[in-house]
Amino acid sequence: MEQDVESPITIRQPIKLPKQAREDPGRQKCSKRKIQRYVRKDGKCNVHHGNVRETYRFLSDIFTTLVDLKWRFNLLIFVMVYTATWLFFGFIWWLIAYIRGDLEHIGDKKWNPCVDNLNGFVSAFLFSIETETTIGYGYRVITDKCPEGIVLLLVQSVLGSIVNAFMVGCMFVKISQPKKRAETLVFSTNAVISMRDGRLCLMFRVGDLRNSHIVEASIRAKLIKSKQTKEGEFIPLNQTDINVGYDTGDDRLFLVSPLIISHEINAHSPFWEISKAQLPKEDFEIVVILEGMVEATGMTCQARSSYITSEILWGHRFTPVLTLEDGFYEVDYNSFHDTYETNTPSCSAKELAELVSRTEIPLSWSVSSKLNQQEEMIKEESGKTHETQTESNGDVANIESESKV
């Protein structure tokens with residue numbers, strides 16, 4: 001009889017790849033995919049943390065956890081903490097009176113109670129509130145014949161101060177958070193690509209709606225784009241720095257009026273080989289981050305926004321918003337997001353640089369106009385050559401006629 005022989009070959013389990021890597025590349029090209037934002041236009045990060053097992057780490061930093069909670073939960077915890085401490089110490093005061101027998105000698109003037117006029121749990125609860133909040137109405141008073149009550153009074157006073165400092169501190173930090181200040185820092189709805197000083201540049205506009213300024217303001221930008229390495233490793237949402245002037249100091253802003261932030265598309269730019277036709281086919285997101293200190297509070301404020309490929313306008317410029325009035329400058333924020341079309345090469349910055357190098361045109365010139373001027377110059381030179389040949393032919397004819405005569 002034949003016996004089954006176990007094969008020494010072990011079958012490996014398939015490696016679990018990310019969803020983006022498991023998808024068919026051909027199918028990805030054929031189907032239109034909706035670009036999922038990494039950062040929304042209002043600056044909120046579109047990332048949800050799931051399967052977090054080490055939840056005890058949040059309790060280790062309970063102060064930050066409470067500050068990060070929503071207002072309804074924060075107010076609920078605020079009320080519950082105070083109510084719980086009042087009820088707890090009220091129960092202790094009632095328990096002391098019950099053990100000492102004060103509740104059995106209510107109205108007995110010869111009896112020395114621990115707390116005068118404490119005749120039940122409700123009065124013990126009210127005495128707890130008066131003690132912790134230092135109200136002191138004067139009707140319920142602790143006596144000097146109760147050492148355990150004196151110790152409890154000291155403990156409640158100290159713990160009450162700690163609770164007050166903790167909860168009031170949370171509420172103060174919650175109220176003074178600079179998140180609301182970031183709502184008055186605005187970014188243009190669209191980014192634009194056009195020529196500036198003979199260079200192809202990516203630009204967006206930022207502004208501050210308040211009269212109180214952002215101190216030490218700085219701007220930076222990140223390119224969010226998934227990529228695959230040469231070894232086959234898939235890196236989702238890879239972050240690449242976009243130079244907006246950190247090597248020249250242009251990233252440090254004096255944000256009194258709206259400013260246009262410019263990124264020169266050169267050989268070190270990630271947009272070096274992207275043309276106008278290729279831009280809608282790309283799948284990336286540009287995240288811009290504006291940071292600075294609030295002048296009124298000194299707290300650090302950060303405002304964020306993002307631009308996807310459909311929000312980048314090729315061949316546009318921003319409409320000017322600053323005008324000179326009688327003795328002051330005025331900013332028209334109605335035109336803050338407006339753009340207008342301008343002559344811009346549709347080729348990539350790399351192709352534009354190659355074209356400029358071949359035609360030997362200075363980068364400060366307009367490429368299209370100078371190419372037309374060169375064609376006109378060539379036509380003029382050819383016309384002059386033709387006239388010269390005609391004149392020389394006429395001279396030869398005159399010489400021949402003279403020789404015949």
Side-chain angles (χ1 to χ4, degrees), residues 49 51-181 293-294 296-301:
H49 299 282
N51 299 324
V52 180
R53 298 180 179 179
E54 299 178 352
T55 55
Y56 65 90
R57 296 182 181 272
F58 294 98
L59 298 178
S60 62
D61 188 12
I62 188 64
F63 186 84
T64 305
T65 302
L66 291 177
V67 172
D68 290 339
L69 290 177
K70 295 182 179 179
W71 267 109
R72 54 179 177 268
F73 298 115
N74 208 310
L75 292 175
L76 178 62
I77 292 175
F78 185 84
V79 173
M80 292 299 295
V81 166
Y82 276 107
T83 304
T85 54
W86 294 337
L87 287 173
F88 174 74
F89 284 104
F91 175 76
I92 299 299
W93 285 113
W94 175 84
L95 185 62
I96 291 176
Y98 178 78
I99 294 174
R100 294 181 80 256
D102 295 343
L103 301 179
E104 298 175 359
H105 297 82
I106 297 176
D108 189 359
K109 296 182 180 180
K110 296 182 180 180
W111 181 262
N112 292 323
C114 184
V115 179
D116 288 336
N117 301 317
L118 194 150
N119 53 15
F121 180 76
V122 176
S123 59
F125 175 68
L126 293 176
F127 179 72
S128 175
I129 296 176
E130 295 174 16
T131 302
E132 188 166 334
T133 58
T134 64
I135 294 176
Y137 291 115
Y139 182 69
R140 280 173 287 270
V141 182
I142 187 173
T143 62
D144 56 355
K145 304 297 182 180
C146 182
E148 59 272 19
I150 296 174
V151 174
L152 181 60
L153 178 63
L154 294 175
V155 173
Q156 185 175 4
S157 299
V158 173
L159 291 181
S161 300
I162 295 175
V163 171
N164 289 333
F166 186 80
M167 298 309 301
V168 173
C170 287
M171 295 299 294
F172 176 77
V173 174
K174 184 75 173 177
I175 294 172
S176 61
Q177 275 186 318
K179 291 182 180 180
K180 298 300 180 181
R181 180 63 177 90
M293 291 188 301
V294 181
T297 62
M299 301 183 69
T300 303
C301 173

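In this text the structure is predicted, and so the values were computed from the model without any measurement. All heavy atoms count here, side chains included; hydrogens, waters and symmetry mates do not.
- The line from CG of Asp102 to CG of Asn119 is 11.0 Å long, rounded to the nearest 0.5 Å.
- Within the structure, disulfide bond (SG atoms under 2.5 Å apart) contacts touching residues 64-158 (residues at least two apart or in different chains) are Cys114-Cys146.
- The number of heavy-atom neighbours closer than 6.0 Å to CZ of Phe63, taken from other residues, nucleotides and ligands shown, is above 12.
- Expressed to the nearest 0.5 Å, how far CD1 of Ile129 lies from CH2 of Trp86 amounts to 5.5 Å.
- Listed by chain and residue number, Arg72, Phe73 satisfy the side-chain contact (heavy atoms from CB on, under 4.5 Å) test with Lys70 (two or more places apart in sequence, or in another chain).
- Formation of a donor-acceptor pair under 3.5 Å by the Asn117 side chain with backbone atoms of Tyr139 is found in this model.
- Taking CG from Leu152 and CG from Leu95, the interatomic distance works out to 10.0 Å, rounded to the nearest 0.5 Å.
- Taken to the nearest 0.5 Å, the CZ atom of Arg140 stands 6.0 Å off from the OG atom of Ser123.
- Here the shortest heavy-atom pairing between Ala97 and Leu118 reads CB-CD2, 3.8 Å.
- Applying the disulfide bond (SG atoms under 2.5 Å apart) rule to pairs touching residues 56-96 yields nothing, sequence neighbours excluded.
- Taking every heavy atom of both residues into account, Gly90 and Ala124 meet most closely at O-CB, 3.4 Å.
- Applying the side-chain contact (heavy atoms from CB on, under 4.5 Å) test to Asp108 and every residue at least two apart in sequence or in another chain returns His105, Lys110, Trp111.
- Sequence neighbours left out, the pairs with a member in residues 143-155 that pass side-chain hydrogen bond (donor to acceptor under 3.5 Å, both in side chains) are Arg100-Glu148.
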In residues 153-174, what donor-acceptor pairs under 3.5 Å come from side-chain atoms, sequence neighbours left out?
unit_1 : atom_1 : unit_2 : atom_2 : d
Gln156 : OE1    : Trp93  : NE1    : 3.0
Gln156 : NE2    : Ser128 : O      : 3.0
Gln156 : NE2    : Ser128 : OG     : 2.9
Ser157 : OG     : Leu153 : O      : 2.8
Ser161 : OG     : Ser157 : O      : 2.9
Asn164 : OD1    : Tyr82  : OH     : 2.6
Asn164 : ND2    : Gly160 : O      : 3.1
Lys174 : NZ     : Val67  : O      : 2.9
Lys174 : NZ     : Leu69  : O      : 2.2

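- Atom CH2 of Trp71 is separated from atom CG of Leu76 by 13.5 Å, given to the nearest 0.5 angstrom.
- A donor-acceptor contact shorter than 3.5 Å links the side chain of Asn74 to the backbone of Leu66.
- Here CH2 of Trp94 is found 10.5 Å from CD1 of Ile92. Values are rounded to the nearest 0.5 Å.
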